[in-house]
Protein chains: 2
Amino acid sequence: MTDTMNIGQRIDGRYGELSPQEQRVADFILDHLSDLAVYNASELARLSGVSKATVSRLFRRLGFQDSAEVREHARTLRRHGAPVGGPGASAGTPSRLATHLEGEQENLRLLLHTLEDGRLDAAARLIAHAGNVVVIGLRGSYPLALHLRQQLAQACANVRLAPLPGQSIGEDLAGLGPHDVVVLFGFRRRTAGFGQLVAAIQRRRIPLVLIADASARRHADGAAVWLECPIDSDSAFDSYAAAMSLINLLATGAMGVHVRETRTRIAAITQVYEDLEELEVPW
Amino acid sequence: MTDTMNIGQRIDGRYGELSPQEQRVADFILDHLSDLAVYNASELARLSGVSKATVSRLFRRLGFQDSAEVREHARTLRRHGAPVGGPGASAGTPSRLATHLEGEQENLRLLLHTLEDGRLDAAARLIAHAGNVVVIGLRGSYPLALHLRQQLAQACANVRLAPLPGQSIGEDLAGLGPHDVVVLFGFRRRTAGFGQLVAAIQRRRIPLVLIADASARRHADGAAVWLECPIDSDSAFDSYAAAMSLINLLATGAMGVHVRETRTRIAAITQVYEDLEELEVPW
DNA sequence: CGGCACCGGAAACAGCTGTTTCAAATGCAA
DNA sequence: TTGCATTTGAAACAGCTGTTTCCGGTGCCG
């Protein structure tokens, strides 16, 4: 059935039956298949040098009801995997795994896109030069906070995790000021007190690095550096893969700022481990 | 100057000045930055639930003359810095960030490649049907273990983390047998006792899901399912991004095996949260 | 030459898009 | 409360989009 094929295949299938002007449009479409959704019918006409009427007729002939249906079709193609034009075309079902992979990669791409303006370096510098660094992550964000602290602990001796058991966050913040830094993870499903926490940090003039998904944007104002990290996933759960990647970048960045100090520190830690024979030989 | 920044940065720069409804649109735009060119102003309005007037005003406020200019801007983004879905042809300077991205994506690809033979489903099934599930992660793997436990706790009531403070792992394993499962994270920099731990689990005939990087291959024999997950990174630290992705897949898979039960369980958790007013309103 | 089939653009037109205007709603201060 | 500023959507409107109709152009056959 025509109706089940994508537009590239439909064109391939009946290219010969098309009139010359229609072929010009068809060529243009095939050449821009991946961003077909970006153009409307008038633009297609203008860009391929034919009249709007011809475009309209072509769509009909390819089995679409009207140009709106083509638009819809093009978007669907965008969402599910890349639309390959040629007769080769799509391999079987894009498995659940492949779909998942696509999503993760998209998240990574988005993440890097937002970081391109230098805010990552700003955050790294803040951390590297801070007197004390307090890492906070509640609920789902706790494992992330923990991981960041582990990484940073190799670079700086003055990194704490909060809240420690039996302590309130207020106590953790006590004594901190403009020369310190709080790194706060605030991913989806925040506790009710989150806004107040941000406010409290702000009140004490402690520079805040806020790492969270888009839903925390409203708190971004209170932060010295706002690192937005996508966590959308095709599955039932959020995926913190991009967040882990961000943590790696952040820790690396903070370390890069004062390399010498760090190297010696890592060496020291490794030494301790080896002394205790805690480690397996790592290769 | 506003005029030289891309739309995402412009929004970030003055998000606070935007009115609530404008923020809704801004959120939507940020969430769909990569295919902004696909939507026209009316659709943006409809999809973010505001009037066309508001969208129009937002564009002005962001420094664009009209929606046509935004459209043009979006297309330029697509062509240049933009994340197009296709087979990644990275142009320009491969910045530190871009290099990092490449590495992470390679890790994800490798991960998915190893999972394609069905071992992921095997692991998920094991977990879904197990009597008790014990998740173990030491040292650097601890945050991962914690995260997996949090995810699984939504699907099954019988998931524990080990070792609990003040307990030895031996005690945690006590009473477990062939109908239970241990999920063990064993990423690089394992403790000296790791091999003994695997042996102990094996001795008790507890099915073992081992999640680790290639350096743990020597322990793979002792596992019912061996999930190898790459963590190599171009930076000084290992990156657990792929591991997080794997955890997501595993939790989802375990959930998929008995969907009904899980849905109700998550619903119940959400309900409790809402009752306690612990959550921010979730948009 | 006439008759015919097809092609394709110009133009008419109905419907949609995006901007601006206006008034209602809201919040805040006095 | 009143007065003022801000926010917002409804509605008006000008302009654009996409479909259809219409008509001139072209090629082919007899």
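Every chain is numbered from 1, with letters handed out A, B, ... down the list of sequences.
- If you check every strand for non-hydrogen atoms under 4.0 Å, A:R46 touches nothing.
- Pairs of residues two or more places apart, or lying in two chains, never qualify as side chain to side chain donor-acceptor pair (under 3.5 Å) while including a residue from residues 192-207 of chain A.
- For the pair A:R139 and A:F194, the cation-pi criterion (under 6.0 Å, within 45° of the ring axis) is not fulfilled.
- Qualifying side chain to side chain donor-acceptor pair (under 3.5 Å) partners for A:T54, counting only residues two or more places apart in sequence or in other chains: A:S51.
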Check nucleotides 25-27 of chain D against the protein and report each pair of N or O atoms closer than 3.5 Å, with its distance, or say if there are none.
none

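- Between A:S67 and D:dT17 there is no side-chain polar atom (N or O) within less than 4.0 angstrom of OP1 or OP2.
- The side chain of A:R61 sits closest to C:dC7 out of D:dT19, C:dT17, C:dC7.
- A:Y39 has its OH atom 18 Å from the C1' atom of D:dT17, to the nearest Å.
- For A:P20, whose side chain is taken as the heavy atoms from C-beta onward, the closest listed nucleotide among D:dT20, D:dT8, C:dG8 is C:dG8.
- When the nucleotides C:dT17, D:dT19, D:dT17 are ranked by their closest atom to the side chain of A:R60, D:dT19 comes out on top.
- Listed by first and then second residue, the salt bridge (charged side-chain N to carboxylate O under 4.0 Å, His left out) pairs that reach into residues 15-26 of chain A are A:E22-A:R61, sequence neighbours excluded.
- Remark: A:S56 engages no residue in a side chain to side chain contact (heavy atoms under 4.5 Å, CB included) (not counting sequence neighbours).
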Could you write out each protein N or O paired with an N or O of nucleotides 4-6 of chain C at a distance under 3.5 Å?
none

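- Between A:D66 and B:Q21, it is B:Q21 whose nearest contact on DNA chain D lies nearer the 5' terminus.
- The interatomic distance linking A:F59 (CZ) with D:dG18 (P) rounds to 8 Å, in whole Å.
- Residue pairs that meet the salt bridge (charged side-chain N to carboxylate O under 4.0 Å, His left out) test with at least one member in residues 36-46 of chain B, sequence neighbours left out, are A:R71-B:E43, A:R75-B:E43.
- D:dT6 atom P lies 14 Å from atom CD of B:E17, rounded to whole Å.
- Per the geometry, CD belonging to A:E43 stands 12 Å off C1' belonging to D:dC16, to the nearest Å.
- Atom CG of A:L62 and atom C1' of D:dT19 are 16 Å apart (whole Å).
- Under the side chain to side chain donor-acceptor pair (under 3.5 Å) criterion, B:E69 pairs with no residue, sequence neighbours left out.
- When the C1' atom of D:dG18 is taken as reference, atom CG of A:N40 falls 9 Å away, rounded to whole Å.
- Within residues 48-57 of chain A, the residues approaching DNA chain C are A:S51, A:A53, A:T54, A:R57, by heavy-atom distance under 4.0 Å.
- Between B:E22 atom CD and D:dG9 atom C1' the separation is 13 Å, expressed in whole Å.
- Under the rule for a side chain to side chain donor-acceptor pair (under 3.5 Å), B:N40 has no partner lying at least two apart in sequence or in another chain.
- For residues 50-59 of chain A, no residue pair satisfies the salt bridge (charged side-chain N to carboxylate O under 4.0 Å, His left out) rule, not counting sequence neighbours.
- Look at A:D121 and B:R96 and you find a salt bridge, because one of the NZ, NE, NH1 or NH2 atoms lies within 4.0 Å of a carboxylate O, short of that distance.
- Classification of A:D232 and A:R188 as a salt-bridged pair holds, one side-chain N sitting under 4.0 Å from a carboxylate O.
- Residues passing the side chain to side chain donor-acceptor pair (under 3.5 Å) test with A:R217 are A:E228, B:D27, B:D31, sequence neighbours excluded.
- For the pair A:Q65 CD and D:dT19 P, the interatomic distance rounds to 10 Å; values are reported in whole Å.
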